[in-house]
Amino acid sequence: MTTPRVRVRFAPSPTGYLHVGGARTAIFNWLFARRMGGDFLLRVEDTDQARYDANALVELIADLKWLGLDWDEGPEKGGPHEPYFQSQRLPLYQAAARRMLDDGHAYPCFCTSERLEELREQQKVNNLPAGYDRRCRNLPADVAAQRVADGEKHVVRLKAPFHGETVFTDLIRGPISYQNRVLDDMVLLKGDGFPTYHLANVVDDHDMLITHVLRGDEWIPSTPRHILIYKALGYEPPVFCHLPVILAEGGGKLSKRKGAASVGDYRELGYLPEAMVNFLSLLGWSPGEDLEFMERDVLVEKFTLERIHPKSAVFDEKKLEWLNGQYFLRRDAAFFLPLVKPLWAKAGIEVDALPEAYLLHCIALLKDRSKRLTDFTDSLYFFRDPDSYEEKARQKQFGEGSAPLLESLISVIEGVADYSAASIETAYKAFAESNARKVGELIHPTRLAISGMPYGPGLYELMDALGKDTVLRRMKIAVEKISAGF
RNA sequence: GGAGCGUUCGUCUAGUGGUUAGGACACUGCCCUCUCACGGCGGUAGCAGGGGUUCAACUCCCCUACGCUCUACCA
């Protein structure tokens with residue numbers, strides 16, 4: 001017997017944005033498929049008519065693409081198991097339900113949602129285990145058949161066994177067993193003819209030859225029910241691997257209210273997709289060596305399901321930020337140009353009117369000291385004169401005697417013949433020496449005058465980048481403002 | 001209420017009977033330095049608790065506590 005080709009899927013329900021937990025599930029599936037040389041499929045589980053949101057799918061696909069997760073089969077791509085939208089596969093589920101009905105593994109249930117709700121309430125009040133009481137399971141077959149034939153609205157339920165236990169092996173948790181008596185008769189086909197998640201999932205995973213199911217661990221309690229469906233249909237279940245959840249700082253779910261929760265949120269905060277993938281991979285998985293910065297290809301090479309561990313993890317944005325910064329250090333300016341241009345444009349800079357070489361130069365000076373793309377918009381002094389000076393620095397640098405000092409420095413700069421970072425440095429050092437001052441005493445006021453900020457790129461490089469005219473103009477403006485008391 | 005899953009520094013993790021319990025982020029001291037960042041060298045800080053098993057438990061078993069999830073004609 002040969003081992004079948006690995007096939008995994010990410011099967012989101014398009015009911016909202018792609019949150020980081022879902023993204024991590026997608027990443028692990030993708031990583032595993034790529035590592036094993038298998039297939040990664042995208043399947044849309046749109047069986048909930050009430051919660052369907054057409055826009056969610058568009059964004060979901062955009063987010064997956066942004067993360068760099070490509071699928072081998074699925075929406076936009078097609079494949080041998082089309083369609084990849086569950087809403088377009090209804091006949092398949094209905095046929096499966098039909099078969100289970102015919103084989104005596106399922107039965108029609110005519111109980112109304114009102115009755116079920118009441119039942120649940122009763123069970124809750126009396127502290128009884130929840131679950132369907134199986135009233136319709138006892139209906140004589142001919143009676144039930146007649147009611148169905150008469151067109152009475154009904155659902156189809158699975159006949160779960162009363163005794164024994166259902167066991168499955170989770171790849172990262174080992175064997176997990178459930179007493180069958182706690183498994184009630186779940187709904188397979190809803191009143192509107194649509195399948196429930198459980199039925200659709202089993203039918204599709206089987207039809208699409210899925211070998212490994214990697215999904216969130218909230219599905220663990222549903223897994224024995226799925227096993228029951230596999231059995232009823234005579235199918236071989238895939239390998240199950242339940243992924244731990246991702247929590248917010250301080251515990252609890254990640255939410256917009258706590259800052260950010262979706263992939264889109266983090267994109268807007270200025271994180272790179274590669275940093276996001278790297279970071280999320282490290283939540284619940286590690287390569288087993290002291291290695292954290294891993295480019296996509298390294299991740300693929302190192303990834304194994306066996307090294308996923310079951311503990312839920314807290315999303316530490318500080319660490320994401322650090323990792324993002326590591327990518328900033330390693331990418332060149334050209335990489336950032338298309339990413340940063342729109343941000344500068346949004347901040348009101350006419351980027352298209354500026355020479356690309358200048359923009360690249362600015363990026364080169366900034367990227368190593370930035371952690372997020374949004375940091376680039378803190379340094380608009382590259383494009384326009386500062387309209388204010390950072391308050392604390394102003395008090396420190398623009399005090400008594402700073403106006404005359406700046407005026408002297410203006411002369412120094414004017415006297416620099418071959419204007420460049422090196423020649424400015426030489427001139428500044430010479431001035432400092434002949435005036436018995438430390439260069440730092442020159443540098444800090446100059447920096448504040450030309451950038452408005454107390455920190456930034458090396459001063460000489462900054463002066464060089466801005467150009468002599470701009471530097472002199474800004475120095476003069478500073479002198480005026482200091483003299484005028486701001 | 002029931003069922004299931006989980007528990008190593010604040011956080012992410014390494015660790016599979018014998019380790020000074022290792023790394024990273026964060027915090028912090030020093031160095032580098034024109035600032036900021038980067039980088040280098042240090043520091044603080046952890047096996048949830050209790051029973052076993054064993055010559056020996058972070059590692060194996062049981063119990064408790066705590067956290068999370070499910071308990072829908074939602075996924």
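Small disclaimer: the values here were computed from a predicted structure and weren't measured.
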Between [options], spot the one nearest the side chain of [X], thanks.
X: A/V182; options: B/G23, B/A75, B/A3; result: B/A3
X: A/S286; options: B/G4, B/C73, B/U13; result: B/U13
X: A/P310; options: B/G23, B/C74, B/G6; result: B/G6

With rounding to whole Å, what would you report as the distance between [N] and [M] at their [atom1] atoms?
N: B/U59; M: B/C74; atom1: P; answer: 45 Å
N: B/A45; M: B/C25; atom1: C1'; answer: 14 Å
N: B/A57; M: B/A21; atom1: P; answer: 14 Å
N: B/G2; M: B/C60; atom1: P; answer: 28 Å
N: B/C5; M: B/G42; atom1: P; answer: 44 Å
N: B/C63; M: B/A3; atom1: P; answer: 13 Å
N: B/U11; M: B/U53; atom1: P; answer: 33 Å

Practice problem: Report the base-pairing partner of B/G67 (Watson-Crick or G-U wobble, both distances below 3.5 angstrom), or none. | Solution: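 Matched B/G67 with B/C5 under the 3.5 Å cut-off.
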Exercise. Identify the nucleotide, in any strand shown, that forms a Watson-Crick or G-U wobble pair with B/G42, with both distances under 3.5 Å; if there is none, say none.
Key: B/U28
Is [X] close enough to [N] that one of its side-chain N or O atoms is under 4.0 Å from OP1 or OP2 there?
X: A/R157; N: B/C73; result: yes
X: A/R307; N: B/G15; result: yes
X: A/K318; N: B/A24; result: no
X: A/R120; N: B/C73; result: yes
X: A/K153; N: B/C73; result: no
X: A/H242; N: B/C5; result: no
X: A/K371; N: B/C38; result: yes
X: A/K311; N: B/U8; result: yes
X: A/K190; N: B/A75; result: yes
X: A/S222; N: B/A75; result: no
X: A/Q123; N: B/A72; result: no

Quiz prompt | A/Y271 side chain to A/E317 side chain, donor-acceptor N/O pair below 3.5 angstrom | solution =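 A donor-acceptor contact under 3.5 Å links the two side chains.
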Quiz item: Which is it for A/D205 and A/R9 under the salt bridge (Lys or Arg N to Asp or Glu O under 4.0 Å) test, yes or no, and what are the steps along the way?
Solution: CA-CA 8 Å; A/D205 281 346; A/R9 83 305 196 268; 2.9 Å; yes
Quiz item: Any N or O donor-acceptor pair linking the side chain of A/R173 to the base of B/C5 at under 3.5 Å?
Solution: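 No pair found.
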Practice problem: Give a yes or no on whether the backbone of A/D185 and the side-chain of A/R157 come within a donor-acceptor separation of less than 3.5 Å. | Solution: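 Side chain of A/R157 to backbone of A/D185, a donor-acceptor pair under 3.5 Å: yes, one is there.
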Quiz item: Is A/R372 paired with A/E321 through a side-chain N to carboxylate O contact shorter than 4.0 Å?
Solution: yes
Exercise. Take A/L366 and A/D375 through the side-chain contact (heavy atoms from CB on, under 4.5 Å) test and state the conclusion after the steps.
Key: CA-CA 9 Å; A/L366 292 170; A/D375 290 347; over 6 Å; no
Quiz item: Out of A/R330, A/R296, A/R331, which residue meets the salt bridge (charged side-chain N to carboxylate O under 4.0 Å, His left out) rule with A/E274?
Solution: A/R331
Counting any heavy atom closer than 4.0 Å, what does [X] reach on the DNA or RNA strands: base, sugar-phosphate only, or nothing?
X: A/V439; value: nothing
X: A/P457; value: base
X: A/E114; value: nothing
X: A/L459; value: base

